[in-house]
Amino acid sequence: MSQELRNTNKLWDTIKGIEIAMLTTVDSHNGAITSRPMATASKGLEDKNIWFFTRTDSSKVDDVESKKQVNLTYVNPSTATYVSVCGCAEVVHDKDLAKKLWSPLLSAYFKKGPEDQDLSLLKVRVERAEIWDVKSGSMDYISHALSSDKEEDVVNYAVHQQFTIGSQPS
């Protein structure tokens, strides 16, 4: 198994049970960093993409069309696991894929189902990820991080992995 496949598997295994990500973009109007919670539609091991549903007229669509680099943050408080995913986002209009990824819970946002004219998919192609598994509780980690003046004390208190997935844009 290649290192890239091991990295991809580690990422998917870590975030598979976390349904909500914080999507961070650069605001296309004023350049401010903007984050919002997004329900993950699919995490694709085979294509290294993470998919979301969004409204075509939302500000995040403008943001992504202006600057494609985004960040996704996943947190699992019960295991004190934190994941940061960097990637390149793209707005996709694909009704067949929308049907494939569709969940009845989305009907609250898209009244006409996957055929809704205001429905778009947001694809994030994963380029880099960081995973922190805190060895004890997250509050203990925060307390330890704030009380220690030695970086190695903080680093040794949590397992931190950083890796790339796929080729990097030139």
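Side chains included, hydrogens not; waters and symmetry mates left out as well; all remaining heavy atoms used. Predicted model, so just to flag it, every value in this text is computed and none were measured.
In this structure, His93 and Ser120 approach most closely via the heavy-atom pair CE1-OG, 2.9 Å. Here the closest non-hydrogen pair linking Thr56 and Gln117 is OG1-O, 4.1 Å. The minimum heavy-atom distance linking Pro37 with Ile20 is given by the pair CB-CG2, 3.9 Å.
To the nearest 0.5 angstrom, Leu72 atom CG is 10.5 Å from Thr25 atom OG1. In this structure, the separation between CG on Leu119 and CZ on Arg55 is 8.5 Å, given to the nearest 0.5 Å. Taken to the nearest 0.5 Å, the CG atom of Leu23 stands 5.0 Å off from the CZ atom of Arg36. Distance check, rounded to the nearest 0.5 Å: CG of Asp27 to CG of Asp62 gives 9.0 Å. Taking NE2 of His29 as the reference point, atom OG of Ser66 lies at 8.5 Å (rounded to 0.5 Å). Here NZ of Lys123 is found 10.0 Å from CG of Asp94. Values are rounded to the nearest 0.5 Å.
By the 4.5 Å heavy-atom criterion applied to side chains, Thr73 and Val83 are not counted as neighbours. At a threshold of 4.5 Å between non-hydrogen side-chain atoms, the residues Met22 and Val75 do not count as touching. No side-chain heavy atom of Val64 sits less than 4.5 Å from a side-chain heavy atom of Glu90. Residues Cys88 and Gln69 have side chains in contact (heavy-atom distance under 4.5 Å, counting atoms from C-beta outward). Side-chain contact between Ser84 and Asn71 is present, with at least one heavy-atom pair separated by less than 4.5 Å. Residues Asp133 and Thr79 are not in side-chain contact: their nearest non-hydrogen atoms beyond the backbone lie 4.5 Å or more apart. Looking at Thr24 and Val70, their side chains never come closer than 4.5 Å, going by heavy atoms from C-beta outward. Between Leu121 and Val91 there is no side-chain heavy-atom pair separated by less than 4.5 Å.
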Q. Would Arg125 and Glu127 count as a salt bridge (Lys or Arg N to Asp or Glu O under 4.0 Å) if you check the C-alpha gap in whole Å, the side-chain angles of each, and the deciding distance to 0.1 Å?
A. CA-CA 6 Å; Arg125 187 186 75 238; Glu127 296 173 349; 2.6 Å; yes

**Q.** Stepwise side chain to side chain contact (heavy atoms under 4.5 Å, CB included) test for Asn49 and Val126
**A.** CA-CA 6 Å; Asn49 296 317; Val126 177; over 6 Å; no

Q: Applying salt bridge (Lys or Arg N to Asp or Glu O under 4.0 Å), run through Lys111 and Asp118 and close with a yes or a no.
A: CA-CA 10 Å; Lys111 301 293 183 200; Asp118 196 33; over 6 Å; no

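For the pair Ser58 (side chain) and Thr54 (backbone), a donor-acceptor distance under 3.5 Å is absent. Side-chain N or O atoms of Thr40 include one that pairs as donor or acceptor with a backbone N or O of Glu19 at under 3.5 Å. Not one N or O on the side chain of Lys60 forms a donor-acceptor pair closer than 3.5 Å with the backbone of Thr34.
A continuous path of ILVMFWY side-chain contacts below 4.5 Å connects Ile50 to Val61, so both sit in one hydrophobic cluster.
Each of Thr14, Asp13, Ile18 was evaluated against Lys16; a single residue qualifies, Asp13, per the side chain to side chain contact (heavy atoms under 4.5 Å, CB included) test. The one candidate from Leu122, Val124, Val92 that meets the side chain to side chain contact (heavy atoms under 4.5 Å, CB included) condition with Trp51 is Val92.
Lys68 NZ: more than 12 foreign heavy atoms inside a 6.0 Å radius.
In this structure Phe52 satisfies the ring-ring contact (aromatic ring centres under 6.0 Å, His included) test with no other residue, sequence neighbours excluded.
Pairs of residues two or more places apart, or lying in two chains, never qualify as ring pair (Phe, Tyr, Trp, His ring centres under 6.0 Å) while including a residue from residues 58-81.
Taking the six-membered ring where tryptophan is involved, the planes of Phe53 and Trp102 are perpendicular, since the angle between them exceeds 60° and thus also 30°.
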